[in-house]
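Notes for the one structure printed next.
Just so it is clear: chains get the letters A, B, ... in the order the sequence lines come, proteins before strands, and each one is counted from 1. Values in this document were obtained by computation on a predicted structure and should not be read as measured data.
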Number of protein chains: 2
Amino acid sequence: MSVEQTARAPRADARRNRDRLLEAGAQVLAEQGAGASLRDVARRAEVGLGTLYRHFPNREALLEALLARRFEELACRAGELAAEQDDPEAALVGWLREFCAGAGAYRDLPGTLLATLRDPASPLHASCTAMREAGGGLLAAAQRAGRIRADVTGTDLFALANAVSWIADQAPVLAERSEHLFGLVVDGLRV
Amino acid sequence: MSVEQTARAPRADARRNRDRLLEAGAQVLAEQGAGASLRDVARRAEVGLGTLYRHFPNREALLEALLARRFEELACRAGELAAEQDDPEAALVGWLREFCAGAGAYRDLPGTLLATLRDPASPLHASCTAMREAGGGLLAAAQRAGRIRADVTGTDLFALANAVSWIADQAPVLAERSEHLFGLVVDGLRV
DNA sequence: ACCTGAACACCGTTCAAGT
DNA sequence: ACCTGAACACCGTTCAAGT
């Protein structure tokens, strides 16, 4: 009897189109922000518009594919830092800084990430929840060490980190102040 | 000789259409946010689309007309508080709270207000600058009294206040935390 | 002077027709 | 199994034609 195959390997052209879409997506979203024209993405990938929708049924699915790896790494990194925890505050702050860099990858991404909280059906929901919880571990450690206020929740942290990233995207003057604003907000979290 | 009239009174129908547009605008923007469909505004006002554009050449012009009074009042209020200044910190914080309420009038308004910083041609630029500078007066007073960190600029303040308003708009869970997040951010500004 | 809506160039999304 | 692009219902914005 023949070998059973529950999961088929994708057809070669499908795989190639997916790769082209991801590459084009990264470029176009970098230029136009997270709300970029999906038509432009398909055009840049030299692929039919329907093909884009076949691979990524909505904008969040494309974003998820583009960002998943980075977000998983960030979640892992938080887990490691929480386990080590020689300086829990420094660990938290360092991780937050990295998170902000990721959230600032595309203009308007912070809004999309926060919107994840109100619809669990979003393809981004899983990666975001994982990241949020990982950050929550670092937060809890810093709180146990008496370095961060006890009334700060993981969601608070997620909201404020995205807000700082969001500010930087709104105007060049603000992007310049980004580091400083990050510091001000973090200081607000200290006991 | 006849009386010179440099500024004509607007035609009655024009005045009426403008009023209808403002009322419809307030409703539709409240429902759909600052990025609402201008077609819907014209429809609700029972006015041709061209009429909307004649009265308000772009979205910011409509927003300005809808928000001008509130923003001017806020600027005045800041001026008064700065002059009185019995408790400069309480004055600043109270004013910030009021500002946040105004910035939260329509979803996505905070982004529009911050975007004002990057294009001075926006009809909202004047009212925003006035408000920013008025808030800056309260900030300076609180800093002179040694209650707020000296490294906080008026632009920092404007950015953070809008960011807190923005967070509240992103998800119901976050709207609930709005007061608390406001407190955290303000604490970050204290010396 | 002011109003109107068709016209244009864009969207996101779907789906019948192809290979 | 997958790709394609026309089709649909929307945008913002402009402008010739009307009153």
Would you indicate which nucleotide in dT14(C), dC11(C), dG12(D) comes nearest to any side-chain atom of Asp40(A)? dC11(C)
Is Arg39(A) close enough to dC10(C) that one of its side-chain N or O atoms is under 4.0 Å from OP1 or OP2 there? no
Are side-chain heavy atoms of Glu23(B) and Arg18(B) found at a separation under 4.5 Å? no
Heavy-atom donor-acceptor pair, Arg107(B) side chain to Gln32(B) backbone, under 3.5 Å: yes
Using only side-chain N and O atoms of Arg43(A), determine if any of them is under 4.0 Å from OP1 or OP2 of dC11(C). yes
Would you kindly give the CG-to-P distance between Leu38(A) and dT14(C), to the nearest whole Å? 12 Å
In whole Å, I'd like the distance from the CZ atom of Phe56(B) to the C1' atom of dG12(D). 17 Å
In terms of side-chain geometry, is the basic nitrogen of Arg77(B) or Glu80(B) positioned less than 4.0 Å from the acidic oxygen of its partner? yes
Please determine if Arg15(A) and Asp19(A) form a salt bridge, counting it only when a charged side-chain N lies under 4.0 Å from a carboxylate O. yes
Taking any strand in view, what nucleotide pairs with dA17(D) in a Watson-Crick or G-U wobble way, both distances under 3.5 Å? none
Figure out the CG/P separation between Leu62(B) and dG12(D), and round it to whole Å. 11 Å
Please verify the inter-ring angle class for Phe158(A) with Phe99(A); under 30° counts as parallel, over 60° as perpendicular, anything in between as tilted. tilted
Does Gln170(A) reach the main-chain N or O of Trp166(A) with its side chain, forming a donor-acceptor pair under 3.5 Å? yes
What integer distance in Å separates Glu60(A):CD from dG12(C):C1'? 12 Å
Would you indicate what Ala42(B) reaches in the nucleic acid, counting non-hydrogen atoms under 4.0 angstrom: base, sugar-phosphate, or nothing? nothing
Table of protein N/O atoms under 3.5 Å from nucleotides 3-5 of chain C N/O atoms:
{"unit_1": "dC3(C)", "atom_1": "OP1", "unit_2": "Asn17(B)", "atom_2": "ND2", "d": "2.2"}
{"unit_1": "dC3(C)", "atom_1": "OP2", "unit_2": "His55(B)", "atom_2": "NE2", "d": "3.3"}
{"unit_1": "dT4(C)", "atom_1": "OP2", "unit_2": "Gly48(B)", "atom_2": "N", "d": "2.8"}
{"unit_1": "dT4(C)", "atom_1": "OP2", "unit_2": "Thr51(B)", "atom_2": "OG1", "d": "2.9"}
{"unit_1": "dG5(C)", "atom_1": "O6", "unit_2": "Gly50(B)", "atom_2": "N", "d": "3.3"}

Base paired to dC8(C) (Watson-Crick or G-U; both N/O distances under 3.5 angstrom): dG12(D)
Taking 4.0 Å as the cut-off, does a side-chain nitrogen or oxygen of Ser37(A) come that near to OP1 or OP2 on dG12(C)? yes
Do Ser122(A) and Asp119(A) have side-chain atoms, one donor and one acceptor, less than 3.5 Å apart? no
